Amino acid sequence: MAVLPILQFEDKIAETVAENPVVVIIGETGSGKSTQLSQILHRRGYTRSGAIAVTQPRRVAAVTVARRVAFELGSRLGEEVGYAIRFEDRTSDKTCIKYLTDGCLLRESLSNPELNQYSVIILDEAHERSLNTDILLGLMKRLINRRSSNLKVLITSATLDGVKVSRFFSGCSVLNVPGTLFPVEKLYSTERPTNYVECCLKTALDVHVREPPGDVLIFMTGQDDIDKMVFKLEERIQNLEEGSCMDAIVFPLHGSLPPELQIRVFSPAPPNCRRFIVATNIAETSLTVDGIVYVIDSGFVKQRQYNPSTGMYSLDIVQISRVQADQRAGRAGRTCPGKCYRLYPRTVYDEEFLDATIPEIQRSSLAGSVLYLKSLSLSDIDILKFDFLDPPSRESLEDALRQLYLIDAIDENGQITEIGKAMAELPLEPSLARTLIEANELGCLSQALTVTSMLSAEVAIRPTHSKNKEKKRKQSFSKLPDGSGWGDHIQLLQVYESWDRADYDPNWCTDNELQVRSMTFSKDVRKQLSQIVQKIGKGSLDVESGMRQKKSDKDYKKLRRALCRGYGNQLAERMLHHNGYHTLGYRSQLVQVHPSSVLEADEDGQLPDYVVYHELINTSRPFMRNVCAVEISWVQPILKKLEKMNIDKLSGGSGASENTETIENKTINSPMQAVDASGTPGSLDSKIQAARERYLARKAKR
DNA sequence: GAGCACTGC
C-alpha cells in the first residue's frame with residue numbers, strides 16, 4: 001500500500017503540536033488524517049498522560065476508522081484502540097486511542113466538563129459543521145484556556161474554512177496536508193435547465209453513449225425525483241440500439257431505502273456494464289461509492305431549516321454551496337481522473353453559490369443545545385455570548401430560552417432548574433425529556449418511555465384509515481391500532497405495544513409496513529432511556545409496567561396530561577367555526593392538523609379544542625405533525641406562564657451590554673405583547689380570557 | 001387531504 005501523504009509530515013505535525021495548544025490540519029480526502037493523526041501522537045508519547053479522543057460526525061465512521069487503526073497497530077479492537085457510539089462502548093481501561101461520535105463526547109463532557117481523561121482531542125471532519133461539532137469547538141476554545149494540564153486540540157478542516165477556524169482560535173497554526181485525489185474536469189452548462197430531471201437524464205445518456213467505461217453518480221434532491229429518474233433512465237437505455245454501447249444498470253440511493261437495497265451500490269459492475277447511481281446528498285459524505293468516474297451535479301439539495309420567529313420547520317430545495325459542489329465533483333476522482341457535469345453555468349457557481357453551506361447551528365431549533373450548555377453550569381458563560389464559530393442569531397437563542405422556560409427547564413431569570421438538570425441527562429429533545437419527568441410524577445412512566453422512544457426514532461406509520469371507499473378493501477387487512485381517536489402519540493404507543501405482543505418479531509414490522517430499522521432503533525432508545533431514568537430515580541422506577549395490559553381511555557388520560565406538560569411550548573387551540581388551529585405561544589401561527597394524523601373529530605365533525613403537536617412543518621401549508629388531544633384545564637397553567645414570560649429576564653439581563661439600537665428595539669417590542677392569529681397585537685391576559693370565552697361558548701352550544 | 005434531505009445523544 002502506498003505511503004499516506006500525511007506520514008511525510010509526521011515531524012512537522014509533531015513539532016507544531018508540541019509548540020501549540022491548538023492546531024488546524026487541512027487535509028483533503030485520502031490524506032489519511034483520520035487514521036494517522038492519532039497514531040502519530042501516540043508514537044510521540046501523548047498517550048502517556050491521557051487518552052487521545054477523535055470525534056467523528058457519524059457512527060459508521062467512528063467504528064470503521066477505529067477498526068482500521070486497531071488493525072494497523074496490531075491490537076484487538078476495544079483494547080488499545082476502541083470506539084464509543086450510542087448504544088455501544090467498545091473501550092476498556094487499556095484504551096488510549098478512542099474514536100467517538102461528537103455527540104458522545106458532548107455526553108462525556110456533561111459528567112466531566114474538563115475532559116481530564118484526554119491529553120489530546122481531535123475534532124475530525126470539522127468542516128462538516130455538525131451542530132455537535134460547533135458546540136465542541138466553542139467548548140474547546142474555552143477549555144484550552146482553563147485546563148491546567150497540557151491539553152492539545154487538533155481540528156481537521158477542508159481547504160476553504162481553515163483560515164476561519166484558525167482565526168477563531170486566535171490565529172493558531174494551520175498545516176496543509178495534500179490528498180490523493182485525481183484531477184476532475186468540470187464541465188458547466190451554458191444556462192440553467194428549466195427541468196432539471198430531464199436535463200440530468202439527457203446528460204446521463206450522453207455520457208453513456210459517448211464516454212469510455214466508468215460509473216456515473218447523479219446528485220438529485222429527493223426520493224421522488226430519484227424514482228422518476230431511475231424509471232426514465234432505464235426506459236431510455238432499453239430503447240438504445242442494441243450493440244451501440246455497453247450495458248447499464250441503474251440504482252437509486254437515498255436514506256429511506258432499506259439497508260439491503262442501499263448496499264447494492266457497493267458491489268462492482270458486471271463486465272461490460274456501466275452503473276448509474278442516482279443519489280441524494282447521502283453520497284456526498286456518508287456513503288462512498290467506488291468506481292465513480294463521472295458525476296452529474298444538479299446543483300440543488302433539499303435542506304431542512306428552522307425559522308425561530310415562527311417556530312416552524314420547512315424542507316426547502318436550495319442551491320448547494322461551492323464547498324458542496326467541489327465535494328460532489330471530488331467523488332469522480334477517487335480512482336482515476338474524472339469528469340463532473342455541472343448543470344449550471346460557471347457564473348452561477350462563482351457568483352450565486354454561497355462559499356459554504358449554512359452551518360446546522362444556524363438552521364436548527366436550539367432549545368436542546370442551550371439546555372445542554374446551561375446544564376454544564378459554566379458560571380463564567382452567558383449563553384447569549386457563548387463563543388460560537390458562527391453564532392446563531394439572537395432571535396434563535398431567545399426562542400430557545402422561551403421554549404425552555406415554558407417547559408420549566410429554566411426559571412424566569414434564565415437559571416437552569418432541577419427539572420432542567422434532569423432533562424439534560426436524557427438523550428431526547430427537551431419536550432420529550434420534560435414529558436418523561438412529568439409522566440414519572442403522574443405514574444405513567446412506562447408508557448411515556450415508549451412514546452418518546454417512538455418519536456425519537458421517527459417511526460413512520462402508513463395510513464390506517466381512510467374515508468375513501470376504494471381503499472376500504474385494503475383497510476380490512478389493517479391490524480394496526482389507530483390511537484383510539486386521541487391522536488398520533490397514542491397510536492405510536494399502541495403500535496409499539498402490539499410489536500411487544502408479537503415478541504418483537506421483525507416480520508411483524510414488515511407485515512405492517514413499518515421499517516424494521518426504525519422500530520429496532522426505538523427499542524434501543526427505550527432501553528437506554530429506561531437505564532438512565534433508573535439511574536436518576538435510583539433504581540426504584542417502574543419502566544416496564546402494563547406493556548401487555550388492555551388500556552382504557554383513563555389510562556391514556558395520564559399520558560396525555562404528561563404530554564401536555566412536556567409540549568407546553570407546542571400547544572394549539574382550535575378556531576371557533578372550523579377545524580383550523582392557532583398555536584398558543586409567543587407568536588401565534590395559523591396551522592392545520594397534518595392529513596396523516598389519526599386524531600379524530602367528534603360526532604359533529606369537530607376536532608378537539610386543544611392539542612399539543614410534536615412539530616410544525618411548512619410544506620404546502622403550515623401543518624402540525626403528530627398531534628395529541630389535551631384538555632383546557634391542563635393548558636391554563638401554561639398560558640399563565642406564557643403571560644409572565646419576560647425575555648429580558650430570561651436572557652439574564654445580558655441585553656444591557658448590547659448596543660443601544662437593540663435596547664431601544666427591545667423596549668418598543670415588549671415581549672409581553674403577543675401577536676394573535678389575525679396579526680393584531682393583544683395582551684396575553686386578554687388572549688387567555690378570549691380562549692376561555694370561546695371554550696365556554698362551544699360548551700354551551702353542545 | 002399530504003408526501004420526508006441527512007446526521008446524532
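So you know, we letter chains A, B, ... as the sequences are listed, proteins then strands, and number each from 1. All of these numbers come straight from a predicted model, not from anything done at the bench.
A:Phe623 meets the ring-ring contact (aromatic ring centres under 6.0 Å, His included) test with A:His594; sequence neighbours excluded.
One interatomic measurement links the two molecules: CE of A:Met423 to P of B:dC9, which rounds to 20 Å at whole-angstrom precision. For the pair A:Leu131 CG and B:dC6 C1', the computed distance is 13 Å after rounding to whole Å. The CG atom of A:Asp488 sits 16 Å away from the P atom of B:dA2 (whole-angstrom rounding). Atom CG of A:Leu426 is separated from atom C1' of B:dG8 by 16 Å (rounded to the nearest Å).
Among the atoms of the strands shown, none is found under 4.0 Å from any heavy atom of A:Tyr372. When heavy atoms are screened at a 4.0 angstrom cut-off, A:Asn281 is found touching the sugar-phosphate backbone but no base atom. Across all strands shown, A:Leu106 has no heavy atoms under 4.0 Å from either base or sugar-phosphate atoms.
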CA sep, side-chain torsions, deciding dist, call: A:Glu418, A:Lys421, salt bridge (Lys or Arg N to Asp or Glu O under 4.0 Å): CA-CA 5 Å; A:Glu418 287 307 310; A:Lys421 283 178 192 161; 3.4 Å; yes
Any chance you could lay out the salt bridge (Lys or Arg N to Asp or Glu O under 4.0 Å) test for A:Arg304 and A:Glu615, step after step, and finish with the verdict? CA-CA 13 Å; A:Arg304 186 177 150 99; A:Glu615 134 181 295; 2.6 Å; yes
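Put simply, A:Arg304 has no side-chain N or O that comes within less than 4.0 Å of OP1 or OP2 on B:dC6. A:Ser456 has no side-chain polar atom (N or O) that falls below the 4.0 Å cut-off from OP1 or OP2 of B:dC9. For B:dC9, the OP1/OP2 oxygens have a side-chain nitrogen or oxygen of A:Thr101 closer than 4.0 Å.
Comparing B:dT7, B:dA5, B:dA2 by their nearest atom to the side chain of A:Ser286 picks out B:dT7. Distance from the side chain of A:Arg86 is smallest to B:dC9 among B:dA5, B:dC9, B:dA2. Looking at the side chain of A:Leu315, the nearest of the listed nucleotides B:dA5, B:dC6, B:dC9 is B:dA5.
If A:Arg621 and A:Gln223 are placed on DNA chain B by their nearest nucleotide, the residue sitting closer to the 5' end is A:Arg621. Mapping A:Glu429 and A:Val301 onto DNA chain B by nearest heavy atom places A:Val301 at the nucleotide closer to the 5' end.
Aromatic pair A:Phe251/A:Phe266: ring centres not closer than 6.0 Å. In this structure, the ring of A:His489 has its center less than 6.0 angstrom from the ring center of A:Tyr567.
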